[in-house]
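Not measured: the values here are computed from a predicted model.
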Amino acid sequence: MTPFCGWIQQNTPLNANEADNILQHMLGTDPHERQLGPHHALAISQTDHSFFIQDSNTTVLVNGHPRWNDEQLATQAAKNSHAHALQHAYQRDGIACLHRLQGQFYFLIIDHSQQVSYLGTDRIGSQPVYYQWQPELSLLTFGSSAAMVKRHPQTHCQLSEQAIFNYLYFHMIPSPGTVYKDTYKLEPAQYIKVQHDKLSHHTYWLPDFSDYTSFNDDELGNLVYDTLRSAVLRASERPNPGAFLSGGLDSSTVAGFFSQVSTEPAKTFSIGFPVAAYNEIDYARIASRHFKTEQHEYFIQPEDILTAYDSIIGALDEPFGNSSVLPTYFCAKLAKENGVSTMLAGDGGDEIFAGNTRYQKQIIFENYQKVPSFARQKLLEPIIMQSVFSRLPLGSKAQSYIKQALTPLPDRLENYNFLHQHAASEVFTADFLQKVDIEAPLSHLRDVYHRPKQGDYINRMLYLDWKRTLADNDLPKVNRMCQLAGVDVVYPMLDDDLIALTCSIPSNKKVNFQKLRYIYKHAVRNFLPEAIINKPKHGFGLPFGIWTKEHKPLQEYAYQSLDHVESLGVFHPEFLANAKHMHQHQHSDYYGELIWLLMTLGQWCKTHLDE
């Protein structure tokens, strides 16, 4: 991810020296590339994957790892640059040229003749783009982080109360919102258009789940295998590549194909923990031995949090509550120390091939709708939902099942969300709640879930996770931590060809009662070690709750951060005190995640709001 920033302000000529100073301040470092036009200023931090072109008609920036599904444009990109190709495509097709552009990228097109500007990101949202629009000034300010937008002298960035509520709900702040009022970030496959002092939002791509393939399992498995291999081959054609290797299905697949196409032993990098329940290093070693990779490992200790945490918070331009951010950073740092410039990440496989147990659980609940409505409404529900029924063996479970089955998707996915288990009034102050919409998170999920024109509930859940789990959570985490460590990152599991293929796979071949990721596992059954194919699902979590209970310096640091959270006036002091008590005396794992979430909010506010 190459940082970039700039602004466009019609009818306001730029002073070159002043603009140059602002660009350097926004970027936070001396730009390697600058572009100043009559009414715009652009800067980027490095040139490895950056492509500018400017003439009297257009200014074009495209950055990242783009590629083309048009032979003529691909040839032009190879001969000249991706900027030349995008400029030619825009002149030929207008903004519809985006249908020809694939890969991981962000772009800016300024059409001087039409006085129109377009700013957008790729289909999966792998490249972050933040912006603020001030129509009264005809000023569009943008950058690859919210902090860059904030540093422009004419922007106004106040903390958003809604963002804080959303953060506790999602453990991150989903796009299009940001931590600041009136500052936004683009959603996947989205671009904004600014013309005649008006800004409009456009989505240029949505998945098509309607055209299911008729291939049998072997044919489809072979196609998945070949498409995966091609995606990894493309991703590995980067300077000094290496690969994350957690020992899960996706990272093992990426590492395996990487080892096949690499002329030297593939470098792989893994993180371990001295806590058995969190440690998967043995699976990473199985994959490394199987594919004969050059394996590198680092075991994280509690002291590592205290050493690296301030740097990590400084690199996060918004509060981010996923504790796996720490092992991600140490893994990328280990790669940098061993000469790697580009990391191949395995993110995305669960979200395109249905690898999470929540997909399987929803099959059980959705099947309740197949029971005739008469039987449900006149027989089952009147009997089972009686209070006396809960006293019978499994009675309360039957009641819980019906309650959940009667809750429509996607709302049902949030039944166990912390803010559905605890009343908002128990958590937040009354003054704070007057400033937020507590229904906004669910409204957002419903909007995303229903965006695809076609799709059953499995595919709609997958699309929802492309947005909230990938674009808003996992990809920003990996992007920011790789950037902090000084390495680039690519996501072969999110290759456009692979995504298009998975859209054509029937849902029952992705997940069924017996198996998660059915067709995926069929595709790699003779490629991956059996132990990895059949390993239980495991996250990339951090034993923070256990450590903060036992490691006094870490506990002190965490609890002091909660004191700073209390000073914000957002949370009831009793809620924060109870979180500490429950962490100490009950459920240290569960409440440890809550402590991490609140600690991160406190430290982020202390670091970034006091800039």
Side-chain angles (χ1 to χ4, degrees), residues 1-3 45-51 63-67 77-78 82 102-105 122 124 126-127 225-271 284-285 287-298 327-349 470 474-475 477-498 524 527-528 532 540:
M1 183 184 72
T2 301
S45 68
Q46 61 191 52
T47 58
D48 291 350
H49 309 294
S50 307
F51 305 99
N63 187 284
H65 303 288
R67 66 186 185 93
H82 286 287
Q102 296 184 335
Q104 298 160 27
F105 62 87
D122 60 61
I124 207 67
S126 71
Q127 305 294 300
Y225 181 94
D226 292 341
T227 308
L228 272 167
R229 191 177 190 280
S230 296
V232 175
L233 174 61
R234 275 192 292 271
S236 64
E237 294 172 346
R238 314 290 179 198
N240 306 315
F244 289 99
L245 180 56
S246 69
L249 277 172
D250 298 320
S251 67
S252 298
T253 300
V254 170
F257 284 129
F258 177 34
S259 71
Q260 283 189 348
V261 301
S262 178
T263 56
E264 300 176 351
K267 293 182 178 180
T268 53
F269 300 88
S270 305
I271 293 296
R285 290 169 178 170
S288 176
R289 288 194 298 268
H290 185 78
F291 294 115
K292 298 180 174 58
T293 72
E294 181 186 311
Q295 172 75 342
H296 301 265
E297 300 173 356
Y298 183 80
T328 302
Y329 166 66
F330 275 96
C331 200
K333 179 174 176 286
L334 181 63
K336 177 68 174 180
E337 292 167 351
N338 283 274
V340 168
S341 301
T342 303
M343 287 291 279
L344 278 62
D347 299 83
L470 292 175
D474 291 349
L475 303 188
K477 172 191 70 180
V478 180
N479 283 340
R480 297 296 181 197
M481 292 305 97
C482 284
Q483 183 181 345
L484 179 61
V487 297
D488 196 9
V489 60
V490 289
Y491 303 98
M493 297 295 297
L494 298 175
D495 182 88
D496 292 83
D497 291 349
L498 187 59
V524 298
F527 178 66
L528 291 182
I532 290 176
F540 196 35

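- At least one side-chain heavy atom of Cys482 sits under 4.5 Å from a side-chain heavy atom of Phe244.
- Scanning for side chain to side chain donor-acceptor pair (under 3.5 Å) contacts around Ser341 gives Asn240, with sequence neighbours left out.
- Checked by atom type and distance alone, the side chain of Ser259 pairs as donor or acceptor with a backbone atom of Gly256 at under 3.5 Å.
- Taking CD1 of Ile124 as the start and CD of Gln104 as the end, the distance is 9.5 Å to the nearest 0.5 Å.
- Smallest separation of non-hydrogen atoms from Leu475 and Asp347: CD2-CB, 4.2 Å.
- A search for salt bridge (Lys or Arg N to Asp or Glu O under 4.0 Å) contacts involving Lys333 returns Glu337, not counting sequence neighbours.
- With sequence neighbours excluded, the residues that form a side chain to side chain donor-acceptor pair (under 3.5 Å) with Ser288 are Thr293.
- For the atom pair CD (Gln260) and OG (Ser236), the distance works out to 11.0 Å, reported to the nearest 0.5 Å.
- Taking the ring pair (Phe, Tyr, Trp, His ring centres under 6.0 Å) definition, one finds that Phe527 meets it with Tyr225, Phe257, Phe291, sequence neighbours left out.
- Applying the side chain to side chain donor-acceptor pair (under 3.5 Å) criterion to Arg285, with sequence neighbours excluded, gives Glu297.
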task: Verify side chain to side chain contact (heavy atoms under 4.5 Å, CB included) between Ile532 and Val524, making sure each step is shown before the conclusion.
output: CA-CA 11 Å; Ile532 290 176; Val524 298; over 6 Å; no
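- The backbone N or O of Gly64 sits nowhere less than 3.5 Å from a side-chain atom of Gln127 that would complete a donor-acceptor pair.
- Expressed to the nearest 0.5 Å, how far CG of Asp474 lies from CG of Asn479 amounts to 10.5 Å.
- Taking the salt bridge (Lys or Arg N to Asp or Glu O under 4.0 Å) definition, one finds that Asp497 meets it with Arg67, Arg234, sequence neighbours left out.
- Asp495 and Ala231 make their closest contact through CB-CB, 3.6 Å (heavy atoms, listed as atom of the first residue, atom of the second, distance).
- In this structure Glu294 satisfies the side chain to side chain contact (heavy atoms under 4.5 Å, CB included) test together with Pro265, Lys267, His296, sequence neighbours excluded.
- Partners of Ser126 by side chain to side chain donor-acceptor pair (under 3.5 Å), not counting sequence neighbours, listed by chain and number: Asp122.
- The shortest non-hydrogen separation linking Ala255 to Thr268 is CB-CG2, 3.9 Å.
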query: Val478 and Met343: side chain to side chain contact (heavy atoms under 4.5 Å, CB included), yes or no, with the steps?
result: CA-CA 10 Å; Val478 180; Met343 287 291 279; over 6 Å; no
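- For the pair Ile271 and Pro327, the tightest heavy-atom approach, listed with the atom from each and the gap, is CG1-O, 3.5 Å.
- Using the six-membered ring where Trp is involved, His82 and Phe51 have ring planes that are perpendicular, over 60° apart on the 30 and 60° scheme.
- With values rounded to the nearest 0.5 angstrom, Leu470 atom CG is found 9.5 Å from Tyr491 atom OH.
- The backbone N or O of Asp488 lies less than 3.5 Å from no partner atom in the side chain of Thr342, so there is not a single donor-acceptor pair.
- Nearest heavy-atom pair across Tyr329 and Met481 is CB-SD, 3.5 Å.
- Residues Phe269 and Asn338 meet the side-chain proximity criterion, which asks for heavy atoms closer than 4.5 Å.
- When every heavy atom of Ala235 is checked against every heavy atom of Leu344, the shortest pair comes out as O-CD1, 3.9 Å.
- The side-chain hydrogen bond (donor to acceptor under 3.5 Å, both in side chains) pairs that include a residue from residues 247-258 are Ser246-Ser251, Asp250-Arg517, Thr253-Tyr520, where partners are two or more places apart or lie in different chains.
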